Every structure is written in structure tokens, then in C-alpha cells.
S.K.: 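Here's a structure for you.
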Amino acid sequence: MAHSQPRQDDFCIVASGVRKHFISGKKTIVALDDCSFNVKSGIVTGLIGPDGAGKTTFMRLCSGLHVPDAGSLEVLGFDVTSDFLDVQANIRYMPQRFGLYEDLTVQENLDLYSDLLGVPPDKRQARYDILMKMTGLAPFTGRLAGRLSGGMKQKLGLACTLIKPPRLLILDEPTVGVDPVSRRELWQIVYSQVKEQGMSVLLSTAYLDEAERCQEVILMHEGHVLGQGVPSSFSRPLSGHCFMLKGPREKKRHIQRELANRDEVIDALILGEKIRLVTMDEMGPQDVRKTFDLSEDIEIEGSEPRFEDAFIYRLKKRLVSLGRSVKFKIITHKRVAGSPEDEVIVVKNLKRRFGDFYAVNGITFTVKRGEVFGLLGANGAGKTTTFRMLCGLLPASEGELYVAGKNLREARAEARERIGYMAQKFSLYEDLTVIQNLNFFSSAYGLYGKRQRERVQWALDAFDLKEEENSISRDLPLGFKQRLALAAALMHEPDIIFLDEPTSGVDPLARRQFWAHINSLADAGVTIMVTTHFMEEAEYCDRVVIMKRGRILAKGTPEELKSRYHPPGVTNPTMEDTFITLIEMKEAA
Amino acid sequence: MLRRILALTIKEFIGILKNKKSRMVLILPPIAQIIVFGYAATFDLKDVPVAIYNEDQGQISRDVIARFRGSRVFKIIGTMESDGQIAPVINLKKALIVLHFHRDFSRDILRGGSGNLQVILDGRNSNTALLALNYVHTIIADFNKAWAAENGRGRPPARLVVRSWFNRMLDSHWFIIPGIVALLTIVVTLEVTALSVAKEREAGTFDQLLVTPMTPFEILVGKSLPGLIIGLIEGSFIIFVTCFWFDIPLRGSLLVLYSGLFTFLLSAIGIGLMISSISLTQQQGLMGAFMFLVPAVVLSGFATPIANMPKLVQDFTLLNPMRYILVIVRSVFLQGAGFELLWTQYVPMAIIGIVTLAIAGFLFKRRLY
Amino acid sequence: MTSLRNESSLSMMRLKGLIRKEVKQIIRDPSSIGIAFFLPVILLIIFGYGVSLDAEHVPLGLVVEHPGPEANGFMAGFQDSEYFEPILYHSVQEAEKALIERKIMGIVWTRSDFARTLLSSSEAPIGVIVNGVDANQARIVEGYITGVWMKWLVSYARSHGLALKVPIRVKHRIWFNSAVRSRNFLVPGLIAVIMTLIGGMLTSMVVAREWERGTMEALLVTPVRVKEIILGKVIPYFFLGMGGMVLSVFIAIVVFHVPFRGSYLALGFASSLFMLTAIALGLIISTAAGSQFVAGQIAIVITFLPAFMLSGFVFDINSMPYPIQIITHIVAARYFVSILQSLFLAGNIWPIYIVNCLWLAGMALVFFRIIRKKSHKRLV
């Protein structure tokens, strides 16, 4: 052995003053700024934060894929700059999208990684047997990885990293877009490895509810560490700050909006029929009523703090210290004519076939005017395909569908003036500036002259885009892009808007702002149809359908679903619990 | 409608010109290529290496050699002493031609007979060999004529009076460089159009566009205009270089030339947009453009004449807009041709353009994937 | 830990694993097999048939102002020639119009006093007009016309008992390609142009693809060495490209009847060197470009057009201006064209072969050094 063993330490990662920047055009993007923290050995540590927080950059630094600009970073006692080969010999890293060769079979992927990791041929089969049993992939070894479902891909990706158990396992967003059942299974596998092999695990996630599953979390935002500790240590200080308010149904959006902008409030959000309120100061339910001047018909009860509350709290504190506004903007929209009983979107037995595969397989639902209607499901459930058919972008194979009484595929161009559409990933013209995008989309919707100028001005003001008016869209932070995309879809004041994964990747504050906008649109009578793979966002919708493999598993209001499908013994189920229960019930049937 | 088209066109232009990389791709290669290829692409020979194997002791062979030495086409690289030296010199490409004067060369001529001059050529590039041989013939014919006049030999009963029209000096640059106008214009136009839809599909913005009240026709026009304008500008630049840098005479009217360029661009844009709307990704768009471009260039008559191709391939080239624009550009430049001579070239390009544009517009929405 | 520090240690297990992976991907992805096998065949066949400099059946306008045995005798030479397809016109004006309309390539024309001047032996002028737009073809046609004329002179002199001796008689022998078929040199040249394209396209896409699918990232964070990744790409695509090469040579010989006079072993060796430069160029493009898209754009600009224009495959390099000749040295196809034309038509001309192989080897070496330098196990 040519060199010494790395010293056995309590920490698998030691970062001090780590800085990393990238250059994009003329802009310098600081991905990590002076990050100093240690990651403990032998436990599962979560790297929590929205897109752009620096999670992926940090993981790539730890894997020796990037070199830090400044500071020092030691992984398992090796310096990542000089000894990256030693680092790579001892860790395993699963990048986003799992790093699988989709045109190789499950078995061939395993063989490749065995070869690369130098597992002796005679020891492979035994290891494969264990891994296949653990992941439940044994019946699929001959299948191409590309033909696996999202959850199976994720488990195969994990299996490939575990062929030779590493000392440190790094997983970049292993659960994104995967259904809750598969997510739960992944967590089980990870914990079994930690227990059996004494492995350290560093994983990143954008799902805040997953933070509570980690033994320790590191909270990140825009390249800064907001805090580190056991998950409960974040939420515990907020006990006595959290309340559930229940009042007349029609007033909930109004009340929530009033509360959200109060200085005494950390967070106020709609959860089904209730409003969840987190206050700056500890207080009792009666103090809440007094402070916020709430009427007697509103029931107030205390609630347990959640990890998300703590994140919002720290995020707000940081944003305020940076001098940024944390107030929610209210947008105005012209009142939509028509009765709330109008059936604006009608879908009957809709099917869409690609070859012999049904992406959408016989779905039926209706959406009424002014409703916020959610389409929930994991990646590949058929949400986007349904959306594209509704917008007339894709012909249906079978079934009927009407938007505002017309099939948009056959309707004349004018019919499309009544709808707005926000595509996945906030599709904008990336080479154009903010104002050029707004000008273009308003022209495309037939606005011109004075009215066009007014609407563009409205969009700049209402969505806080003024300061970035002349920035190239590509360089905007994700939250800005999201607002710009929504503004572009609203230039012509449509009656109906379609939003495809509108909140994916943005931080929880931006998400709240976004839903605040949606709520004000709904108040003006705009019909809103939204897809999401965040189960908890179902709570913001009036009604939802849950999709899996092209079929509707359940539909109804979030409250109905939660009361119908909840795990035995759980009184306050989350939407995620509901989803898992639903799937288990369907599979049992 | 016009407002929407204008908005889309402006947006496309900003998209193309704002990106530094795509700006470079549009500006630099055409300049570099017109210069490099303009000089490189020639069928005219110069400095053809000639080796002399002179067994003759007389004066006449020396006079002949002097004529070769005086020619710009040939360059004498040395002399040899024996038969055995011929093969290595040719094989190693030291000389393309060996002129072999037989021992009795001068004596035979002075006796009133014919002296035999053996010319050995390297036929590895048969075109070069053939051209060089023609030059040899020309020099010898001139010599024969002069010698016969001086020495009172009988003149041949008839002589050829050759004139070449449109290109008196038969300078092949005059043929190739106007062709480069068409070549580079189509490359640039395809680069602009073949990716424009695929790029938006990849970014997801094409869905946004289709959901707006814009009709496929408006999108089609909006997407075509930038290609048309950029193609016209680049084309004009290359025409300018052709006229003023390479001094190729422009004998016809600009109106005829630009009508041709316009129709050609229409067909190129149609093909580009068609490829683009079939493609799912930019990569596929690029491959498609390439797959079209390579045969279109090789089978256009740009370097090798269409008339020399087998019938089947000739029929196939009828689908190639390059074929028609080459005729137009060359005829307008060298021949000064007008519409009455060229209308048969405009019509097929216009048809190709209209058909491909219609298909592209249809595919915008009808694509199944 | 074993001695993982040793950068130069190549692990056969890892390399085999990478190659096996690549081969399976090639087999499952019909597009790379298509690019390697079908594309060269299709291109070679289309171009092989389509690209020819041999003017045959050239439409030629004949104008005889005053028919008579002398003029007819002269014109008969054109009727018999395989190079021409004569069309008779009654007046020069008519023929000139046809020339302008591109219906004929040239005009041969005897005046009404042809017979009279001929007999008075005072050099009867025969008018020849060629369309000079395509200068190369015009020259070749002019050569053919001169040939017909000289043949006629000899037979005329013989039949009229004239002691017509030209002072110098040129006898020519065109070595290696006595039939002067341009296909014999164009087809080998096309192989070089097409293989430049194939090699560049195959590899410039595969590396960029791994980046875009995120698999490269996963690969890099294993104990794998950069050398192994490079070799793991080069080896399978080398054999794939060579497969296309063998097919192309086969087509050249069997379909186009291009004679092959050199040694197959020498051809194999030179092709291997050339394939390496083509693949290396593709790898450089994709490493430098990063994205599949930019890689494709660069590949078009720096592979096809330069190989077409600057390799000497159709335009003679010696006739180019000196600075351009220097530029041609960086086009690998140039060396391979030279090797192929010699091997096919002339045989094993070792000095030419060796010099060009050395250039190719040098280029391959430089390219691989660049790749090695440009590829890290690091992203930025």
C-alpha cells in the first residue's frame, strides 16, 4: 500500500470556506459562497433547499467532479482537489436522473458498474441476488432500463451504486418526480444500508417533508447554509406558533391573503378547508383571534410545528436581511363573466395511445368556472399528455373533450384567445429579455398599441419584474422565470389557464407567492387547471384527480380524499399518506 | 395578423443575433469559405511538374522545351538520362508529365518527316491528366504551325478557329465562384431555419406558440422571414465579393439574379422548415439538414456536371433546388441571361418551395409523438 | 486500498466493461449502425454514379452551310465519336441560339466555301464555339473536337495523296488509367470524404450524448480512468468505422470496377490510421463543444466542406495558390486521398505511402494528445 489509510473520523465530509462560481455569458453565478460545515459519518444527512441553492454543486465537489475556487473540502479524509481518485474509489454518486444507460438492460447496467468498480466475477452473483431482492427488480433483469417506471429506475440507479458498498453514498435528488410509494421504499433501502454497512449517506431533496426523514439536515439557499441540525431542532422552537383556522369556506382565500402579509405572521397557507397559520411570537389561540381580529365563526386550534415552517422562517429572515421584500403581491384580473356552475372543461373517457402504450387510458372529469383544479401524479402518470390534449397540442385517440365548449384542436384560432398556457419548466424564449418576452407574447395574443403597453406595464408591476426588465431570461433566477412565465400566460386576460408543473424547483416562499397569484385569479372567476407532483399542493386546490399510469385513481376535494383514504389510526393524514393508502387499497383490490 | 407575424419575426431575429455563438456561425464561416474555396476550387492547371527525357541531340527538341519552359502551365523539374528513371518519377508524383524526345527527333523533322514526341502522364487524377495533355497539344500545335510557316512545310488543309463564349480565357474560377454564392447561401439558410422549430420544441416554447391565437400560416411566415432576410444579406455579400474581389463579370441584370436568389431561398427555407418540423430535437434537425445538404451539394452540378450523371441520378437531381440556382447564377453572371432563358429554372424552385412550406406548416400541428 | 494512485494503470476489466457497454449500445441503437454502414454505401453509390468528369454524349451543334462530300466527311467524324451527340442546325444563328439556351455545349461549323478553300489548300477555317461557362468541360470538349479534327486530317491527307507531315507528332500514354475514367480517381477520393464525415459524425455525437443523458457524470465518479473512457469510445467506433470502410472499398471495386493494384494490407493499415484521425477529430469536437448541438454544427463546418474542397479529391492541390496549399495540410483527408489514389490505381508506391502515413500518424498523435489534455475527470 503506497499511502496511508485515511484517518478514521467522526465526519465524512469536512468543508471550510468552500466557494464555487460559474460564468454564464457576462454574469458570474456564485453557486456556493463560503460554506463551512461538517457531515457526520454513519448517518443520513439531507441537503435541503430549492433549485439554485447549490446542492448539486456541493455534491459534485464532494465527488471530485468540480474543484472548489477557494476553501478546503475533505471527503473521507481525502482532499478533493488533490486526491480525487482516492475519493472516487471510496464513494458512490448517483446524479439526477439516476445515471443509467437506458439502452442497456437491468443486468447489463449492473455488469457495467461491477466492471467499473472492479468487483471480482465470482462474487458478483451473490451481490446481485441481494440487491435484486432488496429493490424488487429480480423479475426485470432482462428489461431495458429505459422501459422501467420512474420508481424502478430510481431503485436500479441505487442498486448500481451499492454493488460495492461505498463508505459514503451521495444521492442527488433521488426522489424527484417519483411516486410516494417508491419514495418510501427508497428511504427504507437507504436506512437498511446505513444500518447494515455503516455507510454514510448524503442526499439532496427539494421535498421539505422528506427532511424529517433525515437524521440531520443542512438547509441551503442561494449558495448559503441557513442552518444545520437534527430536523426536530429546527421545528421545535416554533411550537406554540402554529395554528389551524377553520371558518366559512368561501372566506378562506380572503382570510389567508390578509394574514399572509401581516408582519406578525411567518406563514399562512391553505390546507384543504383550513388555514394553517405560523406566527412570529408564541401565543395562545385567543391571542391569535385578538391579534388578527378574527371573527367568532372561525375555529382556532393549536398545531404541531413542521420542518417547513422553520425553513420559511429562516428564509424570510435571510431575505429581509438582504433587503428583499417578503410581502405577497396581489394581482388584478378582469372579472370573468358566467356562472360558477358553468362546466368549463369537460373530459369524457379520454384516451391517448402511443404505439401500443396508453399514456392516458380513459379518464373522465369536469371542471367548473372559477375552480382551481389539480391533476396529481408522479412523472409518467399521464398528466402532461392530458394537458396537451386539452390545449389542442395533441389529438386524442378516443373520447371527448371540450374547453369552453370547444375542442381546441379543431377550433379556430380566436378560441385560443380565451385560454392561457404555462408550459413545463417555465418555457420562455431564453435569448430574449424579460420585456422582449412580454412584448412578444402580448403581440402573439393580438394585443397592440396602447393596450399592449398597458398590459406589459401591468405585468412588470404586478409580478415584480421591473428591476430585471432588461435581463436576458436565461440568466434569471428560477423564481423570476416562474413569474415571467405566468405573466406571459396572462397578458391577454384569459378565462381559463393551464399550468403544467408551475412550482417545480422553486423555493417555498416563491411557491406561496405563486399560489397567492392563483388564488386572486380564482377569485376573479378564472378557471385554473394545474398539474403537480408535489402531493401537498393538492391542498391548495378546490378539487383534484389523482392519476397513475394513465388512469384516474380517485377524485374529489382534498378533504374528501383525505377522509376516504387514510392510513388506519392517523387522524391528520397528509396528502402523501392519502396517496400511499390509495395505492395500497387499489393494489389490494 | 401582420402585427403577429411582425412580432414573431422580430423575436426570431433577436434570438438569432443575440447569441454570440450563432452570430459567429452566421458571419465568420461564409467569409472564410468564400475566400479559401474561391481560391482553392479551380480546375485550371499551373506549375504542372514536367520531367524531360531528351535523347535527341538536335536543336528542335531544345526549342520545344523552351516553349514549355515559357509556359505558365508547366514547370520543368529536371531531366533524366534513361528509360528506367521514368517510372519512379511518375510513381512518386515528382512529375505529372514526362516528355520523351526520341533519339532521331530533330533529324526526322529536318528530313521532312514527323518527329515523335512521347508524352507519359500520371493518370491517377485523370481530369488533371487530360487537361495537361490538352495543354501539351496546344503548345505542340503552335510550334508545328510556326515551324511549318518558317520552313515552308505544307500547311494543313483546314484549321480550327476556336472561340469560347462567355469565358474567353476559360478560367474555371468564373465557373466555380458564382457557384459558391449558391453553396454558402443554402448552408446559412439551412442553419437558420432547420433548427428554428426544433429548438422551440426542445425548449417547450413551441407549445406556447401553438396555444396562442397564431395560425400555422402566421407561424410559417414569421419563421421564414428571418431566413429569407439573412439569406439575402449573406447572398448579397458573397455576390459583392464575387464581383469586386474575384473580378467575375456580372453581365446580367440584378433583378434576374435576385429573383433567382429569392426563389431559391424560398425553396431552401421550405426544406429547412420541413426538416425542422419533422425533428423532435435540434440534434435531429441538424442531422436532417446535413443529410439533405451533402447530396444536394455533390449532385448539384457545382463541381461535376449533371449531364455526366446516369439518367436515373439526373432525374433525381430535379428535386434539388441547388441545381436550378447554379444555372441561374452562372447564366446571369457570365452569360447575361434574362428571364426568357431562365424561367424554366425558376418554376421548379418555386414549386419545391411552396410544397415544402406547405408540408412544414401542416406538420407544425399534425405531428404525432 | 490497492494502488489506485497509479494513474497509468489500465484496468482490463474496466476497459472491457466499457467496450461491452458501447457495443451493446451500438447494437441497440440502429442510428449508429445506419451511420456506419448504410450511409457510406448510399453516399458512395449516389456519388459514385453522380460524380463524373467524363463528358460523354456531349450535345454538339453541327452547321454545314453548304453540304458537300468534304464537309460531310469532316462532320462524319463527330457522328462516329462516342463523345458527341451531334445535332444538325441549318444556320449558325440557330445553333448559337441553342448554345445560349444551354441545349448544346458547342458548335462546329463549316462555311459555304469550305470545299473550295480546302482544295486550294489555304487552310480552310472551321468555326468552333464552345460554351465557356463551365470552363473545365469546355476545355475537355475542345480537346475532343481537336481529336476529331486531327483524325480527319490524317485520313484526308491519305485519301488525297497529300504528303502532309506535321513536324511533331504527339503520342501519349496515360499511365494507371489509360481509359481516362474519372470515376477511377473520384471514387477512392469519395471514400476519404465520406469516411471523414462518418468518423466525425459517429463520435462527435456519442460523447455529447453521454453528457446530456447524465451518464457521463455517473461514470466519472467511479474509479475509471480518463484513458479508459477514451479507449472505451475509440475502440468500438474504430471497428464500426472500419466496417464501413471495408464496405466502401468493396463497393468501389465490385460496383464501380475501380482497379485495385496495391496491397490490401497496406490499405488496411492506412485506413486504420485515417479512421483514428477521423474519430479523434470527432472526439475533439465533442469535448470542445460540450453540447451535442454545437458539436454537430462544428462538425459540418470542419469536416464535410473542407474534405470536399481541400482534399485534392476533385480540385488538384498543386494548382491552388500557395497559402491555400499550406492550409490543405491540416485536412487529414488530403493524405488519405493521396494514399487511396496511389493504392487503387498505381499500386504500392512506398515513398508516397510512407510519407502520407507519417502525416496521418502525426495528426492522430496530435489529436489524441489534445483529447487527453482536454478531458479531465472534472466538469469545469
Side-chain angles (χ1 to χ4, degrees), chain B residues 29 37 39-43 45-46 90-92 109 113-130 133-134 140 144 147 154-167 170-172 175 282-283 286 290 295 298-299 303-305 308-310 313 330 334, chain C residues 46-47 49-54 101 118 121 123-139 142-143 149 153 164-177 180 182 185 292-293 296 300-301 304 309-310 314-316 319-321 324 341 345-346 349 351-352:
Chain B
F37 297 161
Y39 281 114
T42 173
F43 286 116
L45 302 183
K46 73 175 183 58
I90 296 271
N91 284 348
L92 297 181
I109 296 171
S114 292
N116 282 331
L117 170 61
Q118 192 175 35
V119 180
I120 296 155
L121 297 110
D122 174 2
R124 267 172 284 193
N125 184 331
S126 62
N127 193 55
T128 309
L130 215 53
L133 182 62
N134 281 352
I140 298 299
N144 280 347
W147 202 87
R155 284 174 300 176
R159 67 189 161 89
L160 293 180
V161 183
V162 182
R163 275 184 300 150
S164 57
W165 280 15
F166 315 130
N167 183 359
L170 287 184
D171 184 341
S172 67
F175 174 67
Q282 295 191 68
Q283 184 68 40
L286 205 63
F290 208 35
V298 176
L299 301 181
T304 60
N308 295 356
M309 298 173 191
V313 180
R330 285 166 179 163
L334 304 183
Chain C
I46 294 179
F47 297 169
Y49 279 118
V51 176
S52 164
L53 290 165
D54 308 329
E101 286 167 359
L118 198 61
S121 71
E123 286 202 333
I126 300 167
V128 173
I129 302 172
V130 287
N131 186 334
V133 171
D134 185 343
N136 188 50
Q137 290 292 301
R139 273 219 189 87
E142 198 187 315
W149 169 70
L153 272 187
L164 182 76
K165 292 276 184 209
V166 285
I168 302 175
R169 204 161 47 205
V170 173
K171 286 185 175 166
H172 68 260
R173 271 166 52 207
I174 298 183
W175 283 14
F176 313 130
N177 188 0
V180 210
S182 64
F185 81 92
Q292 272 195 77
F293 171 61
I300 292 186
V301 175
F304 172 63
M309 303 291 252
L310 302 177
V314 49
F315 301 111
D316 196 38
S319 304
M320 297 176 188
I324 308 278
Q341 287 182 354
L345 301 175
I349 312 292
I352 289 189

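We name chains A, B, ... by the order of the sequence lines, and we start the count at 1 in each one. Worth knowing before you read on, the calculation uses all heavy atoms, side chains too, and leaves out hydrogens, waters and symmetry mates. Predicted, not measured: the structure shown is a model, and the values here were computed from it.
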S.K.: Sequence neighbours excluded, which residues qualify as side-chain hydrogen bond (donor to acceptor under 3.5 Å, both in side chains) partners of Asp134(C)?
M.R.: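 Listed in chain order: nothing, the list is empty.
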S.K.: Search all heavy atoms of Ser182(C) against all heavy atoms of Ser126(B) and return the closest pair with its distance.
M.R.: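 Looking at all heavy atoms of both residues, the closest pair is CA-OG, 3.1 Å.
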S.K.: Which region of Leu299(B), side chain (C-beta onward) or backbone (N, CA, C, O), has a non-hydrogen atom less than 4.5 Å from a non-hydrogen atom of chain C, or is it both or neither?
M.R.: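 Contact with chain C involves the side chain of Leu299(B) alone.
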S.K.: Which heavy atom of Tyr49(C) sits nearest to which heavy atom of Pro310(B), and what is that distance?
M.R.: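 Heavy atoms of Tyr49(C) and Pro310(B) come nearest at O-CD, 2.8 Å.
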S.K.: Which atoms form the tightest heavy-atom contact between Phe185(C) and Asn127(B), and what is the distance?
M.R.: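 Closest approach of Phe185(C) to Asn127(B), heavy atoms only: CE2-N, 3.6 Å.
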S.K.: Taking only residues two or more places apart in sequence, or in another chain, which ones meet Arg330(B) in a side-chain hydrogen bond (donor to acceptor under 3.5 Å, both in side chains)?
M.R.: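 Partners of Arg330(B) under the side-chain hydrogen bond (donor to acceptor under 3.5 Å, both in side chains) test: none.
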S.K.: Between Ile140(B) and chain C, which part of the residue has a heavy atom less than 4.5 Å away: side chain, backbone, both or neither?
M.R.: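 Contact with chain C is through the side chain of Ile140(B) alone.
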S.K.: Go through it in stages, so that I can follow the logic: the residues are Thr42(B) and Phe315(C), the test is side-chain contact (heavy atoms from CB on, under 4.5 Å), and I'd like the CA-CA distance, side-chain angles, deciding distance and then a yes or no.
M.R.: CA-CA 6 Å; Thr42(B) 173; Phe315(C) 301 111; 5.7 Å; no
S.K.: Side chain from CB out, backbone as N, CA, C, O: work out which of these in Ser172(B) comes under 4.5 Å of a heavy atom of chain C, or both, or neither.
M.R.: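 Both parts, heavy atoms under 4.5 Å.
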S.K.: Please confirm whether the backbone N or O of Ser52(C) pairs with a side-chain atom of Asn308(B), one donor and one acceptor, at under 3.5 Å?
M.R.: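 At least one qualifying donor-acceptor pair exists.
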S.K.: Quick one: closest heavy-atom pair of Leu310(C) and Ala40(B), and the distance?
M.R.: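 That would be CD2-CB, 3.4 Å.
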S.K.: Could you please spell out the steps behind the side-chain contact (heavy atoms from CB on, under 4.5 Å) verdict for Phe43(B) and Leu53(C)?
M.R.: CA-CA 11 Å; Phe43(B) 286 116; Leu53(C) 290 165; 4.2 Å; yes
S.K.: Carefully, step by step, assess Arg139(C) and Leu45(B) under the rule side-chain contact (heavy atoms from CB on, under 4.5 Å).
M.R.: CA-CA 12 Å; Arg139(C) 273 219 189 87; Leu45(B) 302 183; over 6 Å; no
S.K.: Considering only heavy atoms, which portion of Val161(B) lies under 4.5 Å from any heavy atom of chain C: side chain, backbone, both, or neither?
M.R.: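 Backbone plus side chain of Val161(B), per the 4.5 Å heavy-atom cut-off to chain C.
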S.K.: At a heavy-atom separation under 4.5 Å, does Glu142(C) approach chain B through its side chain, its backbone, both, or neither?
M.R.: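 Just the side chain, heavy atoms under 4.5 Å.
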